[in-house]
Amino acid sequence: MRWSDSFIPTLRDAPGDATAASHQLLVRAGFIRQLHSGHYSLLPLGLRVHNKVADVVRAEMDAIGAQEFLLPAMHPGDLWRRSGRWSLMGSEMFRLRDRNDADVVLGMTHEEVFAALAAEMSSYRELPQTWYQIQTKFRDEPRPRSGLLRVREFMMKDSYSFDMDEAGLDVSFEAHREAYERIFKRLDLDVMAVQASSGAMGGDASVEFMVPSPAGEDDVARCARCGYRANIERARAAVPPIADPPCGEEPERFATPGIRTIDALASFEGGAPADRQLKTMVMILDNQLTLVILRGDHQLNLQKLADCSGATDVRAATESETVAQLGASPGSLGAVGVDGLPIYVDEALRGRTSMTTGANEDDWHLREVDVARDIIDPQWADLREVAEGEACIMCGRPLEIVRCIEAGHIFKLGRRYCEAMGVSVLDANGTAQTPIMGSYGIGIGRAMAAVAETHHDERGLIWPAAVAPFEIVITVLDPGDAQQSAVAATLYAELEQKTLACLLDDRPLRPGVKLADAELVGIPYRVTIGARGMANGNVELTERSTGTTELVRFDRRGLLKRLTAPEYQEPSTVHGNRIKSVVRQERRIAVHRKG
RNA sequence: CGGGAAGUGGCGCAGCCUGGUAGCGCACCUGCUUUGGGAGCAGGGGGUCGUGGGUUCAAAUCCCGCCUUCCCGACCA
């Protein structure tokens, strides 16, 4: 491809509203443009990278025996009603009506459609199956952000395994885990596999592949020592035991005029330190008012609450809802003596006595509260959010909290969708069995953005060879010079013939502009052809990632001979290494660092 | 949905407070010079100032509504 014929609109300045590095650079380097919030156009360079990411994913899926499909993006509403997700998904699902007034949805994911296809299987002999597609998903995100990292329309590789039993699912799950490790390695993404919550998709074992990055949206608790790693939505930490003083026979009411916060009560005469207080949060879980009790100095993690309660809609109650049910305002609330409302109590409060909490009457609190004795019918659960520096539950070392991009997610789905879609096969005994599913996703555009996010410098992008839009850019400093043009044309033709994707920068621009563009776009290798080198029969080869430049003798016969050597004939996935080997052979010493 | 900010040529911004009919840098077009790190000079093209209404002799500027976009939170590949 000649740069002069290409549409590569590079910008000196990033749009003012782009903050994430990947967003700024992908726009500046001419890979993407926003159409509207959460919807991006992939320009030619962007599509090339996107396709290469998809190719890597496809290759590794094929390698574990997965079969590629292409399913519709538009689904009948009835299909989603059958699985129960029509109502579960709420406003995150795009819905429309066709001319016959039938409900249609834009697929957010494809469990339903694949399970519906799986209904054609009738014998255990047909299992296991692993099916996948690379397809556009639509999600009406409340808040699209950070360029390609979070959008409303995106390509996802989603795969689904169907097995006869849990043991089979374990095998499929492991195969995916390993495939994902290979995929991210090829993309040069430094992922951590972490324990995760499976959220609205349902299921149990759940592993996320996280790329540490400040542009991410998830927090992962990580133990540097023992390797414990979990999404903050699942992470647990050891709580140092607290020895409570002897507890009174019954809760004791005491006046706390004007005291409305944990801190205020901690410094109040006759109050209690935060770790001796019960924090009472009033939540609405699927329209059911619910009390959630944590230690005064602990934070609630909403996803944990959603997971343990099974609720899909979790929010804090409004003040008026709270007052109507409990008769007191936030700041004076408590669960003691409350009957008839669900009460969740955090595990960290097990065995605690002599605690202080609100009395459900403004300006009054209770002390001498024994959690187990005084709270009616508590449901114990892990609800609190782990904080930086707390002790790892596995080994006791301090945990660190790392911001991450979720690049992939695999989880065991169970039989829910197969049951809903009536998937059933006969086992060896002739008995009907419902297969068990696994679900595995990778966002293609998100992975691309994650690569950009972790592979750039102040000059621009630095693509790993596996996903670079081009493998080599030939920068002709003076395209008006006949010799330079001729050398470039020869080199270009030969490289292309060797299936190395090559971008020929033949634009009649000043050298600085072309060099800066080549670096902004981030092509791994640049061959620079200029008068200075040509005078000695050399061109230069520069590695984008290191800036290292080597002089390479340009000898037409020699070069052609090298390029037709057998080693260049066979396609390789590691083009970067091939290029390096070309250089090593061509090189006539003279290595210098770029200043 | 809660909180915060912003909409002025393709991109980045100024102008608004104190109304008088739009400007700067980059990019673009033409010419000359220049040519190994985002050139110089000269000339030129391009903007219903997000949108609807109101105030006024006069609105980018003041007032009200709406739309859009971005950032921080709650949700997800």
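Lettering follows sequence order; numbering is per chain, from 1. What's counted below: heavy atoms across the whole structure, side chains too, no hydrogens, waters or symmetry copies.
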Quick one: does Arg28(A)'s side chain have a donor or acceptor within less than 3.5 Å of a partner on Arg12(A)'s backbone?
yes
Can you confirm if the aromatic rings of Tyr40(A) and His23(A) lie within a centre distance of less than 6.0 Å?
yes
To the nearest Å, how far apart are Leu302(A) CG and A74(B) P?
7 Å
Nearest-angstrom distance, P atom, U55(B) to U61(B):
15 Å
Thinking salt bridges, do Arg403(A) and Glu217(A) make one under a 4.0 Å N-O criterion?
no
Quick one: what's the B/S/- string for nucleotides 10-16 of chain B, heavy-atom cutoff under 4.0 Å, read 5' to 3'?
-SSS---
Counting any heavy atom closer than 4.0 Å, what does Val151(A) reach on the DNA or RNA strands: base, sugar-phosphate only, or nothing?
base
Using the P atom in both, what is the distance from G9(B) to U48(B), to the nearest Å?
9 Å
Separation between the P atoms of C49(B) and G20(B), rounded to whole Å:
15 Å
Taking donor-acceptor contacts at under 3.5 Å, does the side chain of Arg150(A) reach the base of C75(B)?
yes
Output for pair (Ile232(A) CD1, Lys304(A) NZ), nearest 0.5 Å, gives 7.0 Å
Using the P atom as the reference point in each nucleotide, state the distance between G50(B) and G31(B) in Å, no decimals.
36 Å
What distance, rounded to whole Å, do you find between the two P atoms, one in G3(B) and one in A74(B)?
16 Å
Calculate, to the nearest 0.5 Å, the distance between atoms NE2 and OG belonging to His455(A) and Ser545(A) respectively.
9.5 Å
Taking atom types as modelled, find out whether Glu112(A) and Ser83(A) have a side-chain donor-acceptor pair closer than 3.5 angstrom.
yes
In whole angstrom, what separates Arg145(A)'s CZ from A74(B)'s P?
8 Å
Distance, P atom - from G2(B) to U21(B), rounded to whole angstrom:
42 Å
C1' atoms of G38(B) and C1(B), separation to the nearest Å:
45 Å
Inter-nucleotide C1' distance (G40(B), G47(B)), Å rounded:
28 Å
Below 30° counts as parallel, above 60° as perpendicular, anything between as tilted: where do the rings of Trp131(A) and Phe114(A) land?
tilted
For nucleotides 28-36 of chain B, which of its nitrogen or oxygen atoms have a protein nitrogen or oxygen under 3.5 Å away, and what is each distance?
unit_1: U34(B); atom_1: O2; unit_2: Arg510(A); atom_2: NH1; d: 2.7
unit_1: G36(B); atom_1: O2'; unit_2: Arg532(A); atom_2: NH1; d: 2.9
unit_1: G36(B); atom_1: O6; unit_2: Gly530(A); atom_2: N; d: 3.4
unit_1: G36(B); atom_1: O6; unit_2: Gly530(A); atom_2: O; d: 3.4
unit_1: G36(B); atom_1: O6; unit_2: Gly533(A); atom_2: N; d: 3.2
unit_1: G36(B); atom_1: N1; unit_2: Glu540(A); atom_2: OE2; d: 2.6
unit_1: G36(B); atom_1: N2; unit_2: Glu540(A); atom_2: OE1; d: 2.6
unit_1: G36(B); atom_1: N2; unit_2: Glu540(A); atom_2: OE2; d: 3.0

Mark yes or no for a side-chain to base donor-acceptor pair under 3.5 Å between Arg446(A) and C76(B), with no hydrogen or angle criteria applied.
yes
Across all strands, who's sitting opposite A39(B) as a Watson-Crick or G-U wobble pair, both distances under 3.5 Å?
U33(B)
Just how far is it from atom CZ of Arg234(A) to atom OG of Ser206(A), taken to the nearest 0.5 Å?
7.0 Å
Report which part of the nucleic acid Asp218(A) touches: base, sugar-phosphate, or nothing (heavy-atom distance under 4.0 Å, all strands).
base
Apply ring-ring contact (aromatic ring centres under 6.0 Å, His included) to residues Trp463(A) and Phe31(A) and explain how you reach the verdict.
CA-CA 12 Å; Trp463(A) 294 107; Phe31(A) 286 69; 5.5 Å; yes
